[in-house]
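What follows is a set of notes on a single structure, which appears directly below.
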Amino acid sequence: MTDLSQIVKAYDVRGVVPAQWDEPLAELFGAAFVEVTAADAIVIGHDMRPSSPGLSGAFARGAAARGADVTQIGLCSTDELYFASGSLGLPGAMFTASHNPAQYNGIKMCRAGAAPVGQDTGLADIRALVERWSDEGAPEPVAGPGTVTRHDVLGDYAAHLRGLVDLSGIRPLKVVVDAGNGMGGHTVPTVFAGLPLELDAMYFELDGSFPNHEANPLDPKNIVDLQARVRETGADLGLAFDGDADRCFVVDENGDPVSPSAITALVAARELAKHPGGTVIHNLITSWSVPEVVRESGGEPVRTRVGHSFIKEEMATTGAIFGGEHSAHYYFRDFWNADTGMLAAMHVLAALGGQQGPLSQLVAQYDRYAASGEINSTVDDQTGRLAAIKTAYQGRDGVTLDELDGLTVTADDWWFNVRASNTEPLLRLNVEARDTATADRIRDEALAIIRG
């Protein structure tokens with residue numbers, strides 16, 4: 001029996017091609033996806049990685065063999081695939097490994113309306129079917145196989161986003177965009193076409209070997225080029241997209257990174273202006289400033305675990321208008337509760353272009369505290385180290401602990417969270433405080449226990 005434990009993660013499929021998975025396995029995944037979702041039609045897209053067309057084509061064959069009509073939208077960003085799933089009302093599959101190195105590929109799957117497929121919502125069943133069929137042989141094709149057709153949705157995707165955020169009346173802005181040789185190079189020109197933006201395009205050539213830098217803008221080394229270009233050209237801001245362009249990272253006119261928490265707060269305030277009294281979801285690692293701004297804007301903040309399936313589930317349950325994560329994932333009710341970095345970027349452009357001040361001044365009101373950023377530590381015993389932290393802080397005056405996701409320790413003027421990685425022997429630490437000295441002190445104190 002095929003062991004899929006190394007490539008089927010909590011929310012998607014991801015591994016090295018072809019060492020861990022290949023086109024015959026992708027064909028089985030396509031067949032299993034149709035069986036589990038009971039779909040008579042699906043939509044498939046793929047990124048620019050060399051293995052993506054072959055894998056997505058194999059998935060399409062497997063799905064069609066089980067009777068599903070397949071719409072292939074070809075090259076697209078992940079949020080463009082979510083648009084297709086939402087607008088067409090079809091389950092979808094996106095072939096991408098997001099920000100991972102070039103030798104990787106994967107599948108992000110969703111039900112109709114971009115509803116997530118996670119471990120408890122179909123992924124475990126898909127995995128079980130693939131393992132069974134790879135051991136026993138694939139089932140016979142159905143009597144009436146489905147069709148496979150092509151359909152380009154890029155123009156419709158761009159029109160939908162532009163209908164949600166009107167940029168036509170903003171002051172002219174100079175914006176540098178680093179696509180990282182990923183799918184932002186495909187979507188940005190169409191979305192930004194005709195807008196009052198002077199676009200300085202960096203690394204827009206689609207190249208899954210990532211010749212310039214990894215397509216992961218949350219790693220500081222991958223935005224160095226963007227920061228330098230913004231400073232050199234006097235641009236108003238810079239935007240960096242990850243490989244599948246569902247996340248967007250922002251730098252201000254000085255080339256300084258803007259915290260995703262500050263972007264979450266800014267977008268939340270704008271969305272609440274359109275939907276007064278709405279609910280906004282934020283994960284437990286976003287800054288204290290996020291729930292503060294939500295309340296100041298008349299909204300209701302709801303705190304949740306880290307991860308898109310938790311955010312999307314809570315958005316569906318509460319009817320939330322918006323959700324944000326520290327990882328630069330931004331979710332919108334007007335986008336089928338799915339995440340789209342492009343729409344968040346458009347909100348930033350609209351906010352900046354609707355007033356005369358620089359971005360650094362605009363976001364200062366949303367960036368109120370000192371933060372460590374995420375610090376990873378390799379440990380031999382994740383559970384034991386978490387227990388040691390709990391023991392160290394439990395019972396301290398003025399300190400509370402909660403275990404919604406890992407361990408969060410909170411005091412009047414600081415908090416920190418420690419979470420175990422699901423895929424690596426790591427503990428992830430995030431610290432925030434009212435001043436830098438306190439943040440540094442708590443960071444060092446926590447790390448001494450984690451690495452003790």
Side-chain angles (χ1 to χ4, degrees), residues 77-83 86 98-99 114 157-158 160-167 170 173 175-180 182-184 187-188 190-192 195 197 215-218 223 226 236-252 257-275 278 280-283 285-287 289-290 293-294 297 299 308 311-312 315 320-354 359 362-363 365-367:
S77 61
T78 290
D79 65 327
E80 189 182 339
L81 184 280
Y82 291 150
F83 165 79
S98 186
H99 60 278
Y157 157 81
H160 180 75
L161 294 180
R162 290 167 62 151
L164 295 175
V165 179
D166 184 7
L167 295 173
I170 65 171
L173 297 173
V175 54
V176 182
V177 178
D178 182 345
M183 292 313 303
T187 57
V188 168
T190 299
V191 176
F192 286 5
L195 297 174
L197 302 170
N216 179 15
L218 284 188
I223 63 167
L226 175 66
D236 292 292
L237 76 164
L239 304 173
F241 290 91
D242 67 344
D244 60 337
D246 62 347
R247 289 189 296 156
C248 183
F249 195 80
V250 181
V251 302
D252 67 18
V258 179
S259 160
S261 286
I263 300 299
T264 297
L266 181 154
V267 177
R270 288 178 52 83
E271 286 289 287
L272 285 165
K274 291 194 301 181
H275 306 287
V280 173
I281 309 298
H282 64 98
N283 74 26
I285 297 177
T286 54
S287 170
S289 64
V290 173
V293 169
V294 170
S297 303
H308 81 272
I311 295 278
K312 290 178 179 177
M315 289 188 72
I321 60 173
F322 174 64
E325 295 200 85
H326 71 297
S327 55
H329 280 285
Y330 306 105
Y331 308 78
F332 296 83
R333 185 174 68 187
D334 292 338
F335 201 76
W336 299 277
N337 291 338
D339 44 321
T340 164
M342 185 70 77
L343 188 52
M346 293 171 71
H347 273 284
V348 173
L349 292 168
L352 178 60
L359 184 58
L362 175 65
V363 299
Q365 61 188 304
Y366 305 115
D367 196 3

Run through Y82, Y331, F332 and flag the one making a side chain to side chain contact (heavy atoms under 4.5 Å, CB included) with T340.
F332
Indicate the atoms forming the closest heavy-atom contact of V294 with A268, along with that distance.
CG2-CB, 4.1 Å
Nearest 0.5 Å, what's the CG-CH2 distance between D334 and W336?
9.5 Å
Closest heavy-atom pair and its distance - P257, V251:
CA-CG1, 4.1 Å
pair F249-D178: side-chain heavy atoms closer than 4.5 Å
no
Using 30° and 60° as the class boundaries, would you call the ring planes of H160 and F83 parallel, tilted or perpendicular?
tilted
Within-4.5 Å side-chain heavy-atom neighbours: F241 and S77
no
Supply the atom-to-atom distance M346 CE to L161 CG, rounded to the nearest 0.5 angstrom.
5.5 Å
Worked check of side chain to side chain contact (heavy atoms under 4.5 Å, CB included) between V250 and V363
CA-CA 11 Å; V250 181; V363 299; over 6 Å; no
Nearest atoms (heavy-atom pairs only) where A179 meets G184:
CB-C, 3.8 Å
Is the backbone of H99 close enough, under 3.5 Å, to the side chain of D242 for a donor and an acceptor to pair up by distance?
no
When rounded to the nearest 0.5 Å, the distance separating OH of Y330 from CD1 of I311 is 12.0 Å
T286 OG1 to I263 CD1 distance, which is reported to the nearest 0.5 Å
13.5 Å
Where the side chain of S259 meets the backbone of S261, is there a donor-acceptor pair that is under 3.5 Å apart?
yes
Please evaluate residues M183 and D246 with respect to the criterion side chain to side chain contact (heavy atoms under 4.5 Å, CB included), reporting the C-alpha separation (whole Å), side-chain torsions for both, the decisive distance (0.1 Å), and the verdict.
CA-CA 9 Å; M183 292 313 303; D246 62 347; over 6 Å; no
To the nearest 0.5 Å, tell me how far L362 CG sits from D252 CG.
10.5 Å
Heavy atoms of A215 and G180 approach each other most closely as CB-O, 3.9 Å
Under the criterion side chain to side chain contact (heavy atoms under 4.5 Å, CB included), I'd like the reasoning laid out for F322 against H347: C-alpha separation, chi angles, the key distance, then a yes or no.
CA-CA 12 Å; F322 174 64; H347 273 284; over 6 Å; no
Using side-chain heavy atoms (C-beta onward) and a distance below 4.5 Å, is T78 in contact with S98?
no
To the nearest 0.5 Å, what is the distance between CG on D244 and CD on E80?
11.5 Å
So which atom in R333 and which in M315 form the shortest heavy-atom distance, rounded to 0.1 Å?
N-CE, 3.8 Å
Can you check whether V188 reaches M342 side chain to side chain, under 4.5 Å on heavy atoms?
yes
How far apart are the closest heavy atoms of L173 and D236, and which atoms are they?
CA-OD2, 3.4 Å
Answer yes or no: is there a donor N or O on one side and an acceptor on the other, between the side chain of S289 and the main chain of D367, under 3.5 Å?
no
Please examine the side chains of L197 and I170, heavy atoms only from C-beta on, and report whether any two atoms are closer than 4.5 Å.
yes
Side chain to side chain contact (heavy atoms under 4.5 Å, CB included) evaluation trace for R162 with D166
CA-CA 6 Å; R162 290 167 62 151; D166 184 7; over 6 Å; no
Would you call D339 and K312 a salt bridge, using N to O less than 4.0 angstrom?
yes
Report yes if some heavy atom in the side chain of Y366 is under 4.5 Å from a heavy atom in the side chain of T264; otherwise report no.
no
